[in-house]
Q: 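Take this structure first; my questions come after.
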Amino acid sequence: PIHILQKTVSSFLFLAFSITLCASIVLFIIHRKEQKKVTFYFTVIMISLTIIAFGMGLSHYCITFQMNKFKSVQLLYNTIQGIGNVLCIFFLPFFHHAILGQVITSLKKKIFLTIGSEAALAQILYLYIIHNLTLYQFMFRPALIGSIIYLLINSLIHFKDLKNRQFHNFVRQFLIITAIFCPLIIINIFFHFKKLPWALLNLSTSFFFCIFAFISIIFAVNYLGQPTFLDKNHNLTKCFIEKYLLTEREIEVIHLIITGKGNKEIAKLLFISPKTIENHLTSIYQKVNVHSRMQLINLIMTNEEIHVKWF
């Protein structure tokens, strides 16, 4: 039974690495074509999962064949997994906000960067400097668990604002598989250095990666290849304007809505009455087929062009 379990885990780890690698390639190709903010963050997240899957596979292989007694080997696969973990923690909040079409405030951005830096520092201290497991757990666990809890709560709160059905279905599927596998993954992280059935925990993690990568490929191919609605200068693209037959005044109203202005502020800036603004909003909602300001912002921001072309 032990050999069967080991072979099963090896198969799933290889499958997880293969599917996440395929998903990374698909997302990279789509991002090179569309240069959207959401595709950039999505690609980085999938690359980080690919790195983690590779590190887990290498770790499983070394433990199975008793190669983990060499410190250099342990350092190698722990470093690989550490790079993947840090990348994931760094970019997951930004991907989360991009997929929900939310603007990240400067305060949130500082918090996300601080959490990511803390996770990176924890990895460096443990692997290369202090080698203190207690300190590592004290620094890394809150960063990871806090990020997961925030993402789940924020997704549940703003889930209703997702107008696009494909985005809606993707987030719902992600929440379901996260709710199923997240407890097991957290257990894996909390007890990684203890004598637990690590094979079963690796199996659950790799299975989660497989499902997430698979639905990501379907989602990316079906939706993320669409043209951008907002360019890097925060102007509505020609594609969006022509698709929904927007007037010049409606374009001005939408631009001010995206920048966070309320109806009264927009009315003052455009020298028209708040009632006229409400009429314009009603017309915009009907044309774009949304029911609220948040749904309108979400529809546009999820198709925003990235400001800096990293690759």
Side-chain angles (χ1 to χ4, degrees), residues 20 37-38 40-53 55-56 78-130 132-162 170-194 196 201-202 204-206 208-209 211-212 216 301:
T20 51
K37 182 182 291 186
V38 66
F40 169 74
Y41 291 133
F42 208 166
T43 304
V44 175
I45 290 298
M46 198 57 63
I47 290 174
S48 70
L49 295 184
T50 305
I51 295 172
I52 294 172
M56 288 172 57
N78 284 329
T79 299
I80 292 172
Q81 290 188 65
I83 292 171
N85 289 333
V86 171
L87 277 175
C88 194
I89 291 176
F90 250 113
F91 287 96
L92 189 57
F94 294 96
F95 165 67
H96 170 79
H97 281 264
I99 204 85
L100 291 178
Q102 296 177 323
V103 178
I104 302 178
T105 62
S106 57
L107 176 60
K108 283 188 176 181
K109 187 178 292 184
K110 290 178 182 177
I111 293 173
F112 296 155
L113 293 176
T114 300
I115 291 173
S117 301
E118 181 182 339
L121 181 61
Q123 293 284 350
I124 294 171
L125 288 175
Y126 176 70
L127 293 175
Y128 301 104
I129 303 176
I130 301 177
N132 188 307
L133 177 59
T134 304
L135 178 62
Y136 168 78
Q137 293 173 338
F138 178 77
M139 295 179 66
F140 185 77
R141 288 176 181 176
L144 179 66
I145 304 304
S147 298
I148 292 174
I149 291 174
Y150 169 77
L151 297 182
L152 289 174
I153 293 176
N154 193 52
S155 295
L156 291 171
I157 292 174
H158 296 283
F159 186 66
K160 64 180 183 299
D161 295 324
L162 288 169
F170 175 76
V171 173
R172 182 180 61 187
Q173 290 166 355
F174 173 73
L175 288 173
I176 292 173
I177 63 173
T178 301
I180 294 172
F181 292 101
C182 189
L184 294 174
I185 295 173
I186 292 174
I187 290 173
N188 192 7
I189 293 167
F190 266 74
F191 300 101
H192 179 69
F193 299 93
K194 296 184 180 181
L196 284 177
L201 298 174
N202 281 344
S204 65
T205 305
S206 60
F208 169 78
F209 283 8
I211 297 176
F212 179 70
S216 296
M301 297 299 290

Q: Quick one: pull up CD1 in Ile99 and CE in Met301 and give me the separation to the nearest 0.5 Å.
A: 13.0 Å
Q: Return the SG to CD distance between Cys88 and Gln81, rounded to the nearest 0.5 Å.
A: 12.5 Å
Q: Could you go through the side-chain contact (heavy atoms from CB on, under 4.5 Å) check for His97 and Lys108 one step at a time?
A: CA-CA 11 Å; His97 281 264; Lys108 283 188 176 181; 3.7 Å; yes
Q: So Phe209 and Thr50, do their side chains get closer than 4.5 Å, heavy atoms only?
A: no
Q: Side chains of Gln123 and Tyr128: any donor to acceptor distance under 3.5 Å?
A: no
Q: Taking all atoms of both residues into account, what is the closest heavy-atom pair of Ser147 and Ile115, and its distance?
A: OG-CG2, 3.7 Å
Q: Knowing that exactly one of Leu92, Leu87, Ile89, Val86 qualifies, which makes a side chain to side chain contact (heavy atoms under 4.5 Å, CB included) with Ser48?
A: Leu87
Q: Compute whether any side-chain donor of one residue and acceptor of the other, for Asn154 and Gln102, lie under 3.5 angstrom apart.
A: yes
Q: Return the minimal non-hydrogen interatomic distance between Phe212 and Leu49, and the atom names on each side.
A: CD2-CD1, 3.5 Å
Q: Quick one: closest heavy-atom pair of Thr20 and Ala53, and the distance?
A: OG1-CB, 4.3 Å
Q: Between Phe140 and Glu118, is any pair of side-chain heavy atoms under 4.5 Å apart?
A: no
Q: Enter the distance from Ile52:CD1 to Ile80:CD1 here, rounded to the nearest 0.5 Å.
A: 12.0 Å
Q: Could you go through the side-chain contact (heavy atoms from CB on, under 4.5 Å) check for Tyr126 and Met139 one step at a time?
A: CA-CA 10 Å; Tyr126 176 70; Met139 295 179 66; over 6 Å; no
Q: Report the residue from Phe94, Phe112, Phe95, Phe90 that forms a ring-ring contact (aromatic ring centres under 6.0 Å, His included) with Tyr41.
A: Phe94
Q: Can you see which heavy atom on Phe42 is nearest to which on Ser216, and at what distance?
A: CZ-OG, 3.4 Å
Q: Please report the interatomic distance CD1(Ile129) to CG(Leu135), rounded to the nearest 0.5 Å.
A: 10.5 Å
